[in-house]
Amino acid sequence: LGRPDFSELIHGGADQLLSGEVEVPYTHVMIDEFQDFSELFYKCVSSVRALAPKANLFCVGDDWQAINTFAGSDLRYFSLFDEFFPNTVSRNVQTNYRSAQNIVIAGNLLMQGNGVPAETHEADLGSIELIDMDKFEPSARERHLFENQNFMPAMLRLIDKLTSEDKQICLLARTNTVPWAIPSSDGKLDSVLNTLRSHLP
């Protein structure tokens, strides 16, 4: 028999709670990253509250960081919180302590109309480099090297600019693949990094 996956563990925990096998002496239930809350977690928390109805629920989350729907998270638990958990009090924490001003401004523009804008705490303006991929024109050599794909030439130009300024570079990807890299690459992040490095001094 295979080992249970994460979903099965959550289901099993909720079932065990409801069976009465476990005591629930909790007065508070605290949940971080609430934007990632799912039907499974709701079942689990509901099981706890069924056995400890006076337990207070304290949740912290950021709907602008809701990127885990592929793993089952459902933002309706966040946006309709008071319907799932009546008699609640909500507070907005708007100050961004992590990012420079221009990054906060860009984030607010990107998310305009989707909730309360963030406020900046940093005095540093910071800088943002934007590349409009619809208007990006690779050179003839870049087109030949990268089979008419724009992503790698654009990345290499940006990396070259930043390294000439003695900047350190960190590439982030939501998954372990970059599907629009180049046809000869399998799209895996390691392969893309190796390709990028092969064209750098």
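Only heavy atoms go into these numbers, but all of them, side chains included; no hydrogens, no water, no symmetry mates.
- Residues forming a side chain to side chain donor-acceptor pair (under 3.5 Å) with Asp62 (at least two apart in sequence, or on another chain): Gln65.
- With a 4.5 Å cut-off on side-chain heavy atoms, Lys54 and Thr27 do not count as touching.
- Between Arg3 and Glu8 there is no salt bridge, since no side-chain N of the basic residue sits under 4.0 Å from a carboxylate O of the acidic one.
- Residues Thr195 and Met152 form a side-chain contact, since some pair of their non-hydrogen atoms from C-beta on lies under 4.5 Å apart.
- In this structure, Val22 is a member of the same hydrophobic cluster as Val48, with clusters built from ILVMFWY side-chain heavy atoms closer than 4.5 Å.
- Rounding to the nearest 0.5 Å places CE of Met155 at 13.0 Å from CG of Asn150.
- Smallest separation of non-hydrogen atoms from Ser73 and Ser38: CA-CB, 4.0 Å.
- Residue Pro153 comes nearest to Phe146 through the heavy atom pair CG-CD1, 3.6 Å, listed as atom of the first residue, atom of the second, then distance.
- Val60 and Val45 are members of different hydrophobic clusters when ILVMFWY side chains are connected at heavy-atom separations under 4.5 Å.
- Between atom CG of residue Leu75 and atom OG1 of residue Thr69 there is a gap of 9.5 Å, rounded to the nearest 0.5 Å.
- Looking at Thr163 and Ile159, their side chains come closer than 4.5 Å, going by heavy atoms from C-beta outward.
- Listed by chain and number, the residues in a side-chain contact (heavy atoms from CB on, under 4.5 Å) with Glu23 amount to none (sequence neighbours excluded).
- In this structure, the side chains of Asp124 and Gln101 stay at 4.5 Å or more apart for every pair of heavy atoms.
- Note that CD1 of Ile31 is 11.5 Å distant from CG of Asp36, once rounded to the nearest 0.5 Å.
- Taken together through direct or relayed side-chain contacts under 4.5 Å among Ile, Leu, Val, Met, Phe, Trp and Tyr, Leu158 and Leu189 form part of one hydrophobic cluster.
- The nearest pair of heavy atoms linking Asn114 to Trp64 is O-NE1, 2.5 Å.
- Rounded to the nearest 0.5 Å, atoms CZ (Phe85) and CG (Leu57) are 5.0 Å apart.
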Show every donor-acceptor pair shorter than 3.5 Å between a side-chain atom in residues 87-98 and any protein atom, with sequence neighbours excluded, or say none if there are none.
| unit_1 | atom_1 | unit_2 | atom_2 | d |
| --- | --- | --- | --- | --- |
| Gln94 | NE2 | Pro117 | O | 3.4 |
| Asn96 | OD1 | Arg98 | N | 2.8 |
| Asn96 | OD1 | Ser99 | N | 2.9 |

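- Open room surrounds CD on Gln168; 12 or fewer heavy atoms of other groups in view lie less than 6.0 Å from it.
- Under the side-chain contact (heavy atoms from CB on, under 4.5 Å) criterion, Ser46 pairs with Tyr42, sequence neighbours left out.
- Hydrophobic clustering of Ile, Leu, Val, Met, Phe, Trp and Tyr side chains at less than 4.5 Å, counting indirect connections, unites Leu156 with Leu193.
- A 4.5 Å side-chain heavy-atom check between Ile103 and Ile128 finds at least one atom pair inside the cut-off.
- Inter-residue side-chain proximity for Val192 and Phe151 is flagged as met; some heavy-atom pair is nearer than 4.5 Å.
- To the nearest 0.5 angstrom, Glu119 atom CD is 12.0 Å from Ile105 atom CD1.
- Salt bridge present: Lys161 and Glu165 bring a charged side-chain N and a carboxylate O closer than 4.0 Å.
- Here the shortest heavy-atom pairing between Leu18 and Ala50 reads CD2-CB, 4.4 Å.
- Proximity of Gln35 to Tyr77: side-chain heavy atoms (C-beta onward) are nowhere separated by under 4.5 Å.
- Residues Asp15 and Lys43 form a side-chain contact, since some pair of their non-hydrogen atoms from C-beta on lies under 4.5 Å apart.
- The pair Arg76-Asp74 meets the salt-bridge criterion, with a side-chain N (NZ, NE, NH1 or NH2) lying under 4.0 Å from an Asp/Glu carboxylate O.
- The shortest heavy-atom contact between Cys44 and Ile10 is CB-CG2, 4.2 Å.
- The ring pair (Phe, Tyr, Trp, His ring centres under 6.0 Å) pairs that include a residue from residues 9-34 are Phe34-Phe37, Phe34-Phe81, where partners are two or more places apart or lie in different chains.
- Between Leu51 and Leu17, the closest heavy-atom pair is CD1-O, 2.9 Å.
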Side-chain polar contacts of residues 133-144 - donor-acceptor pairs under 3.5 angstrom, sequence neighbours left out - could you list them?
| unit_1 | atom_1 | unit_2 | atom_2 | d |
| --- | --- | --- | --- | --- |
| Ser139 | OG | Glu142 | N | 3.1 |
| Ser139 | OG | Glu142 | OE1 | 3.4 |
| Glu142 | OE1 | Ser139 | N | 2.7 |
| Glu142 | OE1 | Arg157 | NH2 | 2.7 |
| Glu142 | OE2 | Arg157 | NE | 3.2 |
| Arg143 | NH1 | Pro138 | O | 2.7 |

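- Residues Leu40 and Phe6 share a single hydrophobic cluster, defined by chaining ILVMFWY side chains whose heavy atoms lie under 4.5 Å apart.
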